[in-house]
Amino acid sequence: MTTLSMHPELGLEVSVGSIDKELRKLWEQDEARTNASLMNLAIYSEAPGALEKNSAAIRELTAEHACRAILVGIDRDAPEASIRAWITAHCHLSHGKKSVCCEQIAFALTGTATGRLRNTVFAHLASDLPLILWWQGELSPRFEERLYSLVDRFVFDSADWADPRESFGRISDAIQSVTREMVVQDLSWTRSFQFRVSVAALFDDPLVLAALPEIEAVEIVHHPANRQSALQILAWLAVQAGWRDGMELDLAVQRRNGNKEGFSFEGPTGKTIAVTVTADESSAPLGLVKLSGGGVTVSVSREAGAPYLTRRIETPGQVVEAPGPVDPDAPASLIGEQLSRGGKNTLFQKILPRFRQLLER
């Protein structure tokens, strides 16, 4: 039964000062449950209703990733400063009989929250475990050194940003200023994982690999909400293939035409490579990556909502087509994919400078 102190999704409301005591009582209520944590997973959002939405996401994620979850919801425009807290546990069956549970602490803050966010909220991290912070929405003034200096892995979705150039600049400054290593993970980059794997796999074919120096045209199609994913794919192609910027990049009239953007590169042999990036409302987040040259065309495509990619090789007299796996569309599922892969995300760090150059154009 729902009471004033019980939230149907967030669990039992407790005073901030009694969180640890109430968590101990929670575990003592059922000795059959096992508390498991391999990381701190914090989710920060300033969107209304985010706590309930993110609690549902944590319930899904903890089926595969044991963690202490810290949910933070902030209303920075509220005139009064306040803080409320709830505790609950997400449990999953293990071997059909014993529950493996992950604890969750949810905080709702209003008003000025800079000091309380670090001193109160993050004081409840499991101290011996790494901190993964999933930041949702625009980077607000709360993204500052006293916060990100605590973070081991910083996850965000640049598709949510109105001004990605400014936000990536702030993140690059943060990476350079922290005294400890902070891995950054853009979900826009994660969305392109299977496309990158598929494009690379197509060049395992000796005939296709031989045509790589002859590539002269690239076509990328994306949903308008996922321009960052498209430009990151392009930056990845340019960096990995050793393409330099073409001479005609300064001709703005050629770069943009309606929903199309044009870019020009120069390959290692001096061949000009013309790139078209098209925003299409009917596209999947990434709908097409196609490279042509030397009589060979390779492409990876996906229809909106399709559960698979299509890999295609066209050579004179032959067409080979095969399905491939696809990245999930939901942000929580993308986080799960990333948590499973782990790593320091060095490839993203490698392409980041070129990607930021493309954003500036």
Side-chain angles (χ1 to χ4, degrees), residues 1-76 78 80-94 97-111 113 116-137 142 150 155 330-333 335-336 339:
M1 176 180 178
T2 301
T3 69
L4 291 176
S5 61
M6 180 67 76
H7 190 290
E9 180 59 52
L10 302 180
L12 179 68
E13 182 167 6
V14 299
S15 66
V16 173
S18 67
I19 287 176
D20 290 337
K21 181 181 71 174
E22 295 297 335
L23 282 173
R24 286 195 297 272
K25 290 167 62 177
L26 182 69
W27 295 112
E28 291 169 357
Q29 290 173 5
D30 186 350
E31 295 181 354
R33 297 187 298 181
T34 298
N35 180 13
S37 293
L38 297 176
M39 70 188 100
N40 295 292
L41 176 57
I43 307 180
Y44 176 97
S45 178
E46 298 179 11
L51 287 180
E52 293 85 350
K53 176 183 174 184
N54 288 328
S55 183
I58 289 294
R59 186 186 315 114
E60 175 185 334
L61 286 169
T62 51
E64 299 291 338
H65 306 284
C67 64
R68 169 176 278 200
I70 307 283
L71 308 185
V72 183
I74 292 184
D75 179 359
R76 293 192 297 121
E80 301 291 333
S82 68
I83 182 169
R84 298 173 65 187
W86 295 263
I87 61 170
T88 190
H90 297 290
C91 299
H92 305 275
L93 287 178
S94 175
K97 52 184 179 181
K98 190 173 184 178
S99 293
V100 176
C101 302
C102 299
E103 57 197 14
Q104 171 184 293
I105 309 171
F107 294 94
L109 294 88
T110 62
R116 289 177 296 149
L117 188 58
R118 176 182 172 115
N119 300 332
T120 303
V121 176
F122 289 111
H124 292 88
L125 299 173
S127 60
D128 56 342
L129 298 177
L131 170 58
I132 298 169
L133 174 59
W134 176 9
W135 184 287
Q136 297 178 340
R142 299 286 78 77
L150 300 171
V155 183
S333 298
I335 289 282
L339 292 178

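This one's a predicted model, so the numbers in the text were calculated from it and none came from an experiment.
Taking all atoms of both residues into account, the shortest heavy-atom contact from Leu10 to Ser55 is CD2-CB, 3.9 Å. Scanning both residues, Trp86 and Ala108, for their nearest heavy atoms gives CZ3-CB, 3.7 Å. Closest approach of Ser18 and Ser15 over heavy atoms only: OG-OG, 2.8 Å. Minimum interatomic distance between Leu109 and Phe107 (heavy atoms only, all atoms of both residues): CD1-CB, 3.7 Å.
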Going through the checks in order, is the side-chain contact (heavy atoms from CB on, under 4.5 Å) test met by Ile105 and Leu23? CA-CA 9 Å; Ile105 309 171; Leu23 282 173; 3.9 Å; yes

Where do Cys91 and Cys102 land on the disulfide (SG to SG under 2.5 Å) test, with the steps shown first? CA-CA 6 Å; Cys91 299; Cys102 299; over 6 Å; no

Begin from the C-alpha positions of Ile335 and His65 and carry the test side-chain contact (heavy atoms from CB on, under 4.5 Å) through to its verdict. CA-CA 10 Å; Ile335 289 282; His65 306 284; over 6 Å; no

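Ala57 pairs by the side chain to side chain contact (heavy atoms under 4.5 Å, CB included) definition with Ala332, not counting sequence neighbours. Applying the ring-ring contact (aromatic ring centres under 6.0 Å, His included) criterion to Trp135, with sequence neighbours excluded, gives Tyr44, Phe143. For Thr62, the side-chain hydrogen bond (donor to acceptor under 3.5 Å, both in side chains) partners are His92, not counting sequence neighbours. Partners of His90 by side-chain hydrogen bond (donor to acceptor under 3.5 Å, both in side chains), not counting sequence neighbours, listed by chain and number: Gln104. Shown here are the side-chain hydrogen bond (donor to acceptor under 3.5 Å, both in side chains) partners of Asn40, two or more places apart in sequence or in another chain: there are none. Judged as a side-chain hydrogen bond (donor to acceptor under 3.5 Å, both in side chains), and not counting sequence neighbours, Glu22 has no contacts.
Here the CD atom belonging to Glu46 is positioned 6.0 Å from the CD1 atom belonging to Ile74, to the nearest 0.5 angstrom. Remark: Asp128 CG to Ser37 OG distance equals 9.0 Å, nearest 0.5 Å. How far CH2 of Trp134 is from CG of Leu71: 10.0 Å, rounded to the nearest 0.5 Å. Note: Leu12 CG to Leu26 CG = 8.0 Å, rounded to the nearest 0.5 Å. Within the model, atoms CG of Leu150 and CG of Leu133 stand 9.5 Å from one another, a figure rounded to the nearest 0.5 Å. The CG atom of Leu339 sits 6.5 Å away from the CG atom of Leu61 when rounded to the nearest 0.5 Å.
Residues in residues 54-75 take part in these salt bridge (Lys or Arg N to Asp or Glu O under 4.0 Å) pairs, two or more places apart or across chains: Glu9-Arg59, Arg68-Glu103.
Side chain of His7 to backbone of Glu13: no donor-acceptor contact under 3.5 angstrom is found.
Side-chain atoms of Asp20 and His124, non-hydrogen and from C-beta on, do get closer than 4.5 Å to each other.
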